[in-house]
Chemist: 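Take a look at this one; I'll ask things after.
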Amino acid sequence: GLAQGTTVVHDLLQSDDTKVMLDALATLGCTIEQRDDAWHIEGIGARLKRHEASLFLGNAGTAMRPLCAALAVLAATQGGQFSLHGVPRMHERPIGDLVDALRQLGCDVQYSGREGYPPLRLIGAAGGTLAIHTPIRVRGDVSSQFLTALLLALPAWAERADRDKPMNIEADALRYEDKTQLSTFTGNVVVTGDSFGVANPDYATIKYSAAGVALWTNRYNGPGNGYDQARAVAVDSSGNVLVTGYSIDSGRSEERRAGK
């Protein structure tokens, strides 16, 4: 729905989650057409066609969380008022960590009921911007969908952001208390973390385009083929990517340039 042009999705699961997401995208101005087993979805190109809407999302966390992030970012920069709500069970599902991350960016996300849970109100004024001067922290140990929602939403803003100011996101990973680090720059997303290598985890850094295409992958295996843990990623104004982390065999911090 955020993309520009027409996206064709084949064999789309027929479920309540799918239905409420398609209904929400249609409400927001996307053109949706089913042809045989394929759905043709013409996106809004990260430009709001409607600046006010009330969206019923049932019990679909896969709709609530990404739409919360996308509409919060677009409302904060283009102006708008949106309400997101669902069935009573949806209003018992946590979303506070995603809201906290969006508020760090400068998005105005308000709870219409209990703190930390839907329903939500997303409000913004045209001409606004997002704060990118410090890393954005988001928990991923409650739901990985919080992190996914930010990854889907932020490239839409990064296309129009100050290209000399990359954004860094630090997310607590789901397992092993590791860290997954993200940075957006000129519409691209750089992700670094740990990936199991020959015998132990290595640094693994991937750069994605705004369309989700992997542009390059870089791995680092530290001294003695030991345990290597990436801890942070940053992108400078020239697009250089710097990854820092720890290699247990060396007993000291390791710093490596991952790619450009």
Side-chain angles (χ1 to χ4, degrees), residues 1-7 17 19-32 41-58 60-87 90-91 93 95-133 136 138 145-163 165 167 169 184 186-187 189 210-211:
L2 284 176
Q4 186 171 1
T6 301
T7 301
D17 285 21
K19 182 180 184 303
V20 296
M21 176 62 94
L22 290 175
D23 289 347
L25 293 178
T27 299
L28 294 170
C30 296
T31 301
I32 301 173
I41 304 171
E42 185 177 348
I44 61 174
R47 290 289 188 183
L48 289 173
K49 292 186 176 182
R50 293 191 59 181
H51 292 261
E52 293 188 26
S54 177
L55 302 178
F56 174 77
L57 302 175
T62 53
M64 175 67 72
R65 289 153 179 168
L67 283 174
C68 170
L71 292 175
V73 167
L74 294 178
T77 54
Q78 299 176 30
Q81 296 188 39
F82 301 94
S83 64
L84 308 182
H85 59 100
V87 300
M90 169 59 74
H91 299 166
R93 301 179 66 179
I95 200 169
D97 294 303
L98 176 59
V99 170
D100 289 346
L102 291 168
R103 286 175 171 175
Q104 290 174 64
L105 290 168
C107 298
D108 187 354
V109 184
Q110 302 176 5
Y111 297 111
S112 299
R114 183 161 57 129
E115 189 83 7
Y117 298 85
L120 303 171
R121 293 182 67 234
L122 318 173
I123 304 171
T129 187
L130 300 180
I132 61 171
H133 306 297
I136 305 302
V138 60
Q145 292 175 13
F146 299 157
L147 186 55
T148 301
L150 291 172
L151 282 171
L152 291 172
L154 288 174
W157 165 80
E159 288 286 343
R160 301 172 179 84
D162 184 340
R163 292 173 180 260
K165 296 179 179 179
M167 173 180 293
I169 304 172
T184 67
T186 63
V189 176

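Because the structure is a prediction, the values reported are computed rather than measured. Heads up: numbering here begins at 1 and tracks the sequence. Note: hydrogens, waters and symmetry copies are ignored here, and every other heavy atom, side chains too, is used.
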Chemist: For Gln110 and Ile123, run side chain to side chain contact (heavy atoms under 4.5 Å, CB included): C-alpha distance rounded to whole Å, both residues' side-chain angles, the deciding distance at 0.1 Å, then the answer.
Modeler: CA-CA 8 Å; Gln110 302 176 5; Ile123 304 171; 3.5 Å; yes

Chemist: Supply the atom-to-atom distance Thr27 OG1 to Phe56 CZ, rounded to the nearest 0.5 angstrom.
Modeler: 12.5 Å

Chemist: Are Ile95 and Tyr111 side-chain neighbours, meaning at least one heavy-atom pair lies under 4.5 Å?
Modeler: yes

Chemist: Mind checking whether Leu67 and Met21 have side chains closer than 4.5 Å, heavy atoms only?
Modeler: yes

Chemist: Specify the closest pair of heavy atoms between Cys30 and Ile44, including all atoms of both residues, with the distance to one decimal.
Modeler: SG-CG2, 3.8 Å

Chemist: What distance do Leu102 atom CG and Leu71 atom CG have between them, rounded to the nearest 0.5 Å?
Modeler: 10.5 Å

Chemist: Please name the pair of heavy atoms, one in Met64 and one in Leu84, separated by the smallest distance, quoted to 0.1 Å.
Modeler: SD-CB, 3.7 Å

Chemist: Are side-chain heavy atoms of His85 and Pro118 found at a separation under 4.5 Å?
Modeler: no

Chemist: Around atom CD of Gln4, are there more than 12 heavy atoms from other residues, nucleotides or ligands closer than 6.0 Å?
Modeler: no

Chemist: Which pair of heavy atoms, one from Thr77 and one from Thr129, lies closest together, and at what distance?
Modeler: CG2-CA, 4.3 Å

Chemist: May I ask you to check whether over 12 heavy atoms, not counting those of Lys19, lie within 6.0 Å of atom NZ?
Modeler: no

Chemist: Measure across Gln78 and Ala46 and return the closest heavy-atom pair with its distance rounded to 0.1 Å.
Modeler: NE2-O, 2.8 Å

Chemist: Is there side-chain contact between Leu55 and Leu28, with at least one heavy-atom pair below 4.5 Å?
Modeler: yes

Chemist: Quick one: do Val109 and Leu98 satisfy side chain to side chain contact (heavy atoms under 4.5 Å, CB included)? Show the steps, please.
Modeler: CA-CA 10 Å; Val109 184; Leu98 176 59; over 6 Å; no

